[in-house]
Amino acid sequence: MYICNMKKDLIKRKDIGLLLMQLAVWGAIILIPPLVTFLATRNTSSGVTFFRMLWFNLQSPFLLYFINFYIFWPLLAAKRRYVLFVLANIAVFLLLNPGLFLFGHHPGPQGAHLPENAWLGMFSGFFVYFLLNLASISAAIVLRHFLRTRQIRKQLEEERHKNTEAELAWLKNQINPHFLFNTLNNISSLTQIDADAAQDAIAQLSDLLRYAIYKTNQPMVPISGEVEFMRNYISLMQLRCNEKTTVSTQFDIANPQLEIAPLIFISLIENAFKHGVSSNRPSFIDIRLSQNDEGITFRCANTNFPKDDADRSGKGIGLENTRRRLDLLYSDRYEWEQLLENDIYTTTITIYP
């Protein structure tokens, strides 16, 4: 309830500020010319006379502006009732200026009408006055349209931001069960070979899950934590590798406190162990992460052994999620290169500052 009342107060405050701003502009238009006249002539009556003349000519534009801004636009134009909008403005204009349609028919001292050569000047004055009122109505419409367009853009931006946050949360939530699925697959295989090693692997997995669940609930995390997580994860994945597989890592971090999206590279490491390890053929995985003033570069090279249909270690959603997260978080600030040459698959991701 307090939040709702606070929002209402902010809305009222904003509306009052807008009204005061418009009154200030109109006040400047009406008061500055007479003030300049007074300062130039040092004659109070000249300034007052000029003010009365100006106000007499600006009463109708002034009232039409505020009537259109606060009544006709929201009730008619915004609802696309354009015919009623035009008719309403014509009616108000006639009500505010009834004398304009009586000129030329008032008898003079001897009962004579206005001279014919006076019609051109009076028609020109009427035309200019009509344009002045039309300009006032147009100003109200343009300002209303600008404010409405800005509000719509702000709402769309907020909605887009909410959708992006929701999608990122969904993608990150997919990563946790995804790497858990692959890790459990590895531990399952390990239980058939070495039960003690499998027990140690479960303890390591517990540490990994603790980080994934409790430390990555922020949009960004220190890169040092990510490096430690990757080291532990690689160590866990190595348990299933035999002597035919060589795993090498290198982490060069200039600023350990630099923040990065959590678990952004883990799917690439998963992919390397899933496709780069063979039980009966020589294989290798080389993982490197470097960070300097030019950005963050992650490079993973591994032998390539295509996944067969009997392999149940995931369905490849990890790489798709990684690319989508990079698109959302880093937009045009990253590069992703992939190369398959001589049965060696290399992927490099560079994130620029």
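Computation of the quantities below employed the complete heavy-atom set of this structure, encompassing side-chain atoms and omitting hydrogens, waters and symmetry-equivalent molecules.
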In terms of heavy-atom contacts, Pro353 and Asp293 come closest through CG-O, 3.4 Å
Hydrophobic cluster identity match, Trp336 and Ile260, side-chain contacts under 4.5 Å
yes
query = Hey, mind stepping through Asp252 and Arg288 against salt bridge (Lys or Arg N to Asp or Glu O under 4.0 Å) and telling me if it holds?
reply = CA-CA 8 Å; Asp252 296 321; Arg288 299 171 184 267; over 6 Å; no
Show your working on side-chain contact (heavy atoms from CB on, under 4.5 Å) between Cys300 and Phe265 and close with a plain yes or no. CA-CA 10 Å; Cys300 183; Phe265 301 126; over 6 Å; no
Practice item. Inspect the surroundings of CZ in Arg52 and state if more than 12 heavy atoms from other residues, nucleotides or ligands are less than 6.0 Å away. Key: no
Within the 4.5 Å heavy-atom criterion, are Thr37 and Phe51 side-chain neighbours or not?
no
Given side chains that start at C-beta, do those of Phe284 and Ser248 come closer than 4.5 Å, heavy atoms only? no
side-chain contact (heavy atoms from CB on, under 4.5 Å) between Ile349 and Ile296, intermediate numbers included: CA-CA 8 Å; Ile349 295 177; Ile296 301 170; over 6 Å; no
Quiz item: According to the interplanar angle, ranging from 0 to 90°, do the rings of Trp26 and Phe62 count as parallel (below 30°), tilted (30 to 60°) or perpendicular (above 60°)?
Solution: perpendicular
**Study point:** Thr149 side-chain N/O to His145 backbone N/O, donor-acceptor pair under 3.5 Å
**Key:** yes
Between Asn43 and Ser45 the two heavy atoms that sit nearest each other are OD1-OG, 2.5 Å
Between Glu226 and Leu263, the two heavy atoms sitting closest are OE1-N, 2.8 Å
Smallest heavy-atom separation, Tyr334 atom then Asp327 atom, equals OH-OD1, 2.5 Å
Nearest heavy-atom approach of Tyr65 to Ser136 is CB-OG, 3.1 Å
Grouping I, L, V, M, F, W and Y whenever their side-chain heavy atoms are under 4.5 Å apart, do Leu31 and Met53 come out in a common cluster?
no
Tell me if a side-chain donor or acceptor on Asn292 pairs with a main-chain N or O of Glu294 at a distance below 3.5 Å. yes
Between Pro74 and Tyr70, the two heavy atoms sitting closest are CG-O, 3.4 Å
Steps toward side-chain contact (heavy atoms from CB on, under 4.5 Å) verdict (Leu19, Phe66) = CA-CA 9 Å; Leu19 174 61; Phe66 283 99; 3.9 Å; yes
Task: Sidechain-backbone polar pair: Gln338 side chain, Thr347 backbone, donor-acceptor under 3.5 Å - done: no
Exercise for the section: Using a 4.5 Å cut-off on heavy atoms from C-beta on, say whether the side chain of Phe69 contacts that of Leu18. Expected result: yes
